[in-house]
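To start, the structure under review is shown below, and the notes come after it.
Letters A, B, ... are given to chains in the order of the sequence lines, protein chains preceding strands, and every chain is numbered from 1. Just so you know, these numbers use all the heavy atoms, side chains as well, and skip hydrogens, waters and symmetry mates.
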Protein chains: 2
Amino acid sequence: MTVDRSVLLPYLSKVERRRSLSEAASAAFMALPLEQHSYEIYRDILKEGDRPTRACLILTGVASRYSTLKNGTQQINSFHLAGDMVDLNAGLLTVSDSGIRTHTPTTVVTIGCEDILDLASDYPEWGRAFWFDTLVDASIFREWTVNVGRRTAVARVAHLLLEFNARLEKIGLGDGRAFVLPITQADLADAVGLSAIHTNRSIQRLRRSGAIRTHGRNFVIEDYPALVEEASFDPAYLQPEGPRR
Amino acid sequence: MTVDRSVLLPYLSKVERRRSLSEAASAAFMALPLEQHSYEIYRDILKEGDRPTRACLILTGVASRYSTLKNGTQQINSFHLAGDMVDLNAGLLTVSDSGIRTHTPTTVVTIGCEDILDLASDYPEWGRAFWFDTLVDASIFREWTVNVGRRTAVARVAHLLLEFNARLEKIGLGDGRAFVLPITQADLADAVGLSAIHTNRSIQRLRRSGAIRTHGRNFVIEDYPALVEEASFDPAYLQPEGPRR
DNA sequence: CGGCGGTTTGATGTGACTCAAAAAGAGTGG
DNA sequence: CCACTCTTTTTGAGTCACATCAAACCGCCG
């Protein structure tokens with residue numbers, strides 16, 4: 001299968017926006033062997049327990065990293081949108097405690113993790129870029145722990161809506177006030193550690209308070225400051241500014 | 001202040017156990033300029049909102065990374081024990097959304113983050129080592145999200161006790177069955193997203209079920225399989241095996 | 001012996017869960 | 001364009017896990 005390498009360009013420019021790369025480094029990246037895959041909705045890109053062998057860059061669609069507990073409940077750890085590199089860790093970690101699953105039809109390109117590791121050792125600038133990506137992920141994981149650990153139901157939901165709002169805007173899928181929620185309320189519930197029903201009721205509260213308006217999956221933030229206040233949302237954890245040096 | 005560089009050796013050998021380093025790389029590490037600091041109990045090593053400038057390696061004691069919410073509640077994101085490198089991210093992230101605080105008297109050595117970054121670009125093997133460290137952290141953060149998001153109170157507490165048990169054993173502060181819990185129950189509560197009182201009652205339940213025995217902060221695991229079952233604990237997330245390659 | 005941080009107990013309130021089912025959309029085929 | 005199904009959202013009622021408040025107890029240290 002031949003893959004159009006230009007799909008790598010958005011990620012490359014995302015990395016370069018943080019810190020420019022040498023000619024050789026970006027050329028090496030663009031020369032990486034690729035595979036392209038498409039998934040229907042609710043398919044596993046990586047099954048829980050499988051040993052990952054390829055990192056994957058999301059071109060379109062939405063995926064999540066999740067864990068399943070013995071009692072059957074699930075916890076979603078993070079969502080991955082277009083332009084996100086998922087499972088960069090693949091190369092370094094032996095075991096995958098969590099799976100990765102699509103929430104919409106999704107297309108990705110994958111890169112062998114050996115290639116990722118070689119790139120990182122041949123070009124320390126790539127090593128740093130991957131490290132930084134991992135740090136941003138870790139920062140989001142931390143914030144999510146705070147979210148499910150210490151916020152009320154309404155605040156949790158508000159917080160996740162604001163995260164989607166910010167991230168979707170950054171990739172051109174929203175204007176900072178309105179966006180299309182790319183997942184069901186049940187999935188949202190698995191992300192914020194609530195039952196689907198209570199998640200629904202929390203959304204209703206936000207609606208009645210006038211903070212948001214929805215029809216179907218279209219969300220409009222009517223009162224941004226109120227929503228931010230409700231969620232104690234501080235976008236710093238998304239690291240919008242890029243690395244320091 | 002002159003610092004005994006031999007304090008770096010444990011961390012060096014921890015890294016080398018995963019993957020050996022070149023002579024030059026380990027020499028460069030050992031030559032890093034260091035500062036040594038001591039902290040009393042409940043002191044901030046890094047305040048929330050401060051911009052970190054130095055990574056720090058814990059020599060003795062226990063510290064945690066925590067966030068404070070507007071309503072005054074706290075969530076602890078992770079604990080750091082002797083031999084852990086904390087705030088490696090310092091160099092790359094502009095903003096620190098969370099603080100780092102001691103839970104016992106603690107001694108550390110710190111390394112300027114410029115030096116860390118230089119080491120990583122001069123020796124890609126160090127870049128990889130730091131990246132791996134960050135991946136392990138991220139893996140623990142994920143597991144904690146699952147913990148507070150989807151487990152019952154008793155399971156959460158059991159899970160954290162098992163994590164302490166495993167990690168303390170690895171650094172020689174436990175035999176895999178008994179350990180001294182280095183934090184108060186109130187701190188434990190902030191880590192598992194419960195009230196201190198309910199945390200206490202959860203410990204009591206574990207005690208009455210015969211899974212554990214305690215006197216003061218001495219914990220003995222009486223029925224390891226039962227505790228593991230209760231917590232659905234799988235130590236894989238601690239990445240005990242080191243990286244794949 | 002007194003003070004203090006930490007642990008434990010008791011009583012009460014409530015936020016979130018569960019179960020069950022209705023309503024509303026969304027997609028499909030006739 | 002409508003009937004039919006399937007998924008998702010919404011409603012209602014009852015229950016339980018965990019929070020909160022208040023106070024007692026305990027061990028440790030000066």
Side-chain angles (χ1 to χ4, degrees), chain A residues 40-43 62 69 71-75 101-105 147-161 180-209 212-219 230, chain B residues 40-43 62 69 71-75 101-105 147-161 180-209 212-219 230:
Chain A
E40 296 172 53
I41 187 172
Y42 290 132
R43 290 287 183 280
V62 177
L69 292 193
N71 62 17
T73 58
Q74 299 207 335
Q75 175 69 44
R101 160 187 310 161
T102 62
H103 289 259
T104 64
N147 207 32
V148 299
R150 284 297 181 211
R151 279 191 255 258
T152 64
V154 177
R156 290 186 215 184
V157 171
H159 197 274
L160 190 52
L161 292 179
V180 177
L181 187 72
I183 57 170
T184 67
Q185 291 184 11
D187 295 332
L188 206 161
D190 280 339
V192 294
L194 295 170
S195 69
I197 291 169
H198 204 64
T199 301
N200 176 272
R201 289 184 166 131
S202 302
I203 292 175
Q204 291 180 44
R205 276 219 204 175
L206 290 172
R207 219 153 38 198
R208 277 189 235 111
S209 80
I212 63 171
R213 212 179 56 210
T214 73
H215 51 290
R217 294 208 186 150
N218 297 285
F219 281 69
E230 176 76 57
Chain B
E40 296 172 54
I41 187 174
Y42 291 131
R43 290 287 184 278
V62 177
L69 292 192
N71 62 18
T73 60
Q74 298 207 335
Q75 175 68 45
R101 159 186 310 162
T102 61
H103 289 258
T104 65
N147 206 32
V148 298
R150 285 299 182 209
R151 279 192 254 259
T152 65
V154 177
R156 288 185 217 184
V157 171
H159 197 273
L160 190 52
L161 292 179
V180 177
L181 186 72
I183 58 169
T184 67
Q185 292 184 10
D187 294 332
L188 207 160
D190 280 339
V192 296
L194 295 170
S195 68
I197 290 167
H198 204 65
T199 300
N200 176 272
R201 290 183 165 131
S202 302
I203 292 174
Q204 291 179 45
R205 277 219 202 172
L206 290 172
R207 219 153 39 196
R208 275 189 236 111
S209 79
I212 64 171
R213 212 179 56 212
T214 73
H215 52 289
R217 294 208 185 150
N218 296 284
F219 280 69
E230 176 76 55

In whole angstrom, give the distance that lies between atom [atom1] of [X] and atom [atom2] of [N].
X        : N      : atom1 : atom2 : value
B:Leu188 : C:dT7  : CG    : C1'   : 13 Å
A:His198 : C:dT14 : NE2   : P     : 15 Å
A:Glu40  : C:dG27 : CD    : C1'   : 15 Å

Do [X] and [Y] come close enough that some side-chain heavy atom pair is under 4.5 Å?
X        : Y        : result
A:Asn147 : B:Gln75  : no
B:Ile197 : B:Asn200 : no
A:Arg217 : A:Thr184 : yes
A:Leu206 : A:Leu161 : yes
A:Leu181 : A:Thr214 : no

Residue closer to the 5' end of DNA chain C, A:Thr199 versus B:Gln204 (nearest nucleotide): B:Gln204
Residue whose closest nucleotide on DNA chain C lies nearer the 5' end, B:Arg208 versus B:Tyr42: B:Tyr42
query: First and last nucleotide of DNA chain D touching chain A, 5' to 3', heavy-atom cut-off 4.0 Å?
result: D:dT8 to D:dA13
Students often get this wrong, so: under 4.0 angstrom with heavy atoms, is [X] touching a base, only sugar-phosphate, or nothing?
X        : answer
A:Ile197 : base
B:Arg156 : nothing
B:Ser195 : base

message: Reading DNA chain D from 5' onward, which residue's closest nucleotide shows up sooner: B:Arg201 or B:Arg205?
response: B:Arg205
query: Can you tell me how far the CZ atom of B:Arg101 sits from the CD1 atom of B:Ile41, to the nearest 0.5 Å?
result: 11.0 Å
- request: Report yes if a side-chain nitrogen or oxygen of B:Asn200 is closer than 4.0 Å to either non-bridging phosphate oxygen (OP1 or OP2) of C:dT7; otherwise report no.
  value: no
Options C:dG6, C:dT18, C:dA16, nucleotide nearest the side-chain atoms of B:Arg217: C:dG6
field: CZ (A:Arg207) with more than 12 external heavy atoms under 6.0 Å
entry: yes
